[in-house]
Amino acid sequence: MKKFVVGNFKMNTTPTQFGSYLDEFLPRIRESKTNIIFCLPATHFHIANQRLSTTNIKFGAQNISSEESGAYTGEISSVMVKDCGAFCTLVGHSETRRHFKETAESINQKIIRALAVNLKVILCVGETKYERSTKKTKLSLKRQLDIALKGLYENELKNIIIAYEPIWAIGTGKTPNVKEVESAITDIKSIISDSFSIRDYDKITILYGGSINENNFTQFVKIKGVSGLLVGGACLNPKSFANICK
Ligand code: PGA
């Protein structure tokens, strides 16, 4: 199965800088067999749509509104994102949970909105340092997954990619070890398959994210059950990101 590499730009680069980024990035990955996705600020969508439509690379949003439309100044809806040519949206990133007070219920609502307009979802889940140190990782993952996926049908799961991102590993340079990732992946699969009575675990696509860079990515991508990577800081350098994608 082709691996996924998702680059999360967060609030970095201007649209002009993103154009120059693509000038450097695209020639480097011509032969790449990876599923590459950029999660971009909405200001970059028009450039992504123009420049990526002739490639296999897809782009998506970093967040969407939990509302359909109306008086929500500053928000961007799922249908707006879809109409710009996006393939997916991130939902439940720890930064949107923290800075924008996203709740588990609003995350569930966002997922339902995204799926309704055929946007795929990359749902981020992960434990805090405290939860890990008090052996509550599985409990925390279960709480996040149960509410986020509430009310969905089993056949909608194929449109959802789970990104396992320990909160303490995001942007810190710290990563879990291989065993810790393996065990979190097993937990995520068993939580989802229990709720949806899925027998075939392998149908659930799970990425690892958190302080991935050019020097450490191979150990994570090789972990059983890991279908790819969600890369933040390291995706901003077109050379490094191309090397990871290749
Ligand atoms: P990082 O971010 O790679 O900079 O740790 C990952 C993410 O936030 O998705």
Side-chain angles (χ1 to χ4, degrees), residues 3-13 17-18 21 25 34-42 44 48 57-64 81 86-102 107 110-111 114 119-132 137 140-141 144-145 148 160-178 180-181 184-185 188 205-223 226-246:
K3 296 272 184 191
F4 287 86
V5 181
V6 182
N8 176 13
F9 265 52
K10 310 195 180 189
M11 195 171 70
N12 291 299
T13 74
Q17 287 165 338
F18 179 56
Y21 175 105
F25 179 77
T34 312
N35 284 315
I36 302 169
I37 304 174
F38 285 112
C39 288
L40 298 167
H44 298 25
I57 302 172
K58 299 187 167 52
F59 71 93
Q62 296 170 10
N63 191 14
I64 53 167
V81 167
F87 167 75
C88 65
T89 182
L90 289 177
V91 174
H93 191 282
S94 70
E95 288 156 14
T96 50
R97 289 182 197 247
R98 186 167 77 240
H99 299 307
F100 307 130
K101 312 267 180 289
E102 225 177 13
I107 290 169
K110 288 176 186 193
I111 294 176
L119 264 185
K120 309 262 184 218
V121 169
I122 302 175
L123 167 64
C124 304
V125 292
E127 80 286 0
T128 61
K129 186 92 206 148
Y130 176 75
E131 286 165 340
R132 173 155 291 280
T137 298
S140 168
L141 295 173
Q144 293 169 56
L145 287 165
I160 299 181
I161 293 171
I162 309 289
Y164 169 58
E165 296 209 302
I167 295 168
W168 52 273
I170 298 176
T172 58
K174 296 185 185 131
T175 56
N177 62 37
V178 168
E180 288 170 328
V181 176
I185 299 286
I188 291 170
T205 306
I206 306 180
L207 314 181
Y208 169 76
S211 292
I212 286 291
N213 60 44
E214 227 183 319
N215 303 318
N216 68 9
F217 77 92
T218 45
Q219 58 179 304
F220 292 101
V221 91
K222 280 190 204 144
I223 297 174
V226 170
S227 303
L229 304 169
L230 176 50
V231 185
C235 80
L236 296 173
N237 177 325
K239 220 166 128 196
S240 303
F241 193 51
N243 286 341
I244 295 173
C245 292
K246 280 194 285 188

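Order of listing sets the numbers, starting from 1, for every ligand and every atom in it.
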* Within 6.0 angstrom of K246 NZ, more than 12 heavy atoms from elsewhere -> yes

Are any side-chain N or O atoms of [X] and backbone N or O atoms of [Y], one a donor and one an acceptor, separated by less than 3.5 Å?
{"X": "N63", "Y": "H93", "answer": "no"}
{"X": "R97", "Y": "G92", "answer": "yes"}
{"X": "Q62", "Y": "N8", "answer": "no"}

Identify all N/O pairs between ligand 1 and the protein with a separation under 3.5 Å and present them as a table of atom names and distances.
residue	atom	partner	partner atom	Å
ligand 1	2 (O)	K10	NZ	3.3
ligand 1	3 (O)	G232	N	2.8
ligand 1	4 (O)	G233	N	2.8
ligand 1	5 (O)	G171	N	2.7
ligand 1	5 (O)	S211	N	2.7
ligand 1	8 (O)	K10	NZ	2.7
ligand 1	8 (O)	H93	NE2	2.6
ligand 1	9 (O)	H93	NE2	3.2
ligand 1	9 (O)	E165	OE1	3.3
ligand 1	9 (O)	E165	OE2	2.7

* Asked: Is the F18 to F9 ring centre distance short of 6.0 Å?
  ->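 Yes: the rings meet the under 6.0 Å criterion.
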
* Could you tell me if the ring centre of F25 sits under 6.0 Å from that of F38? => yes

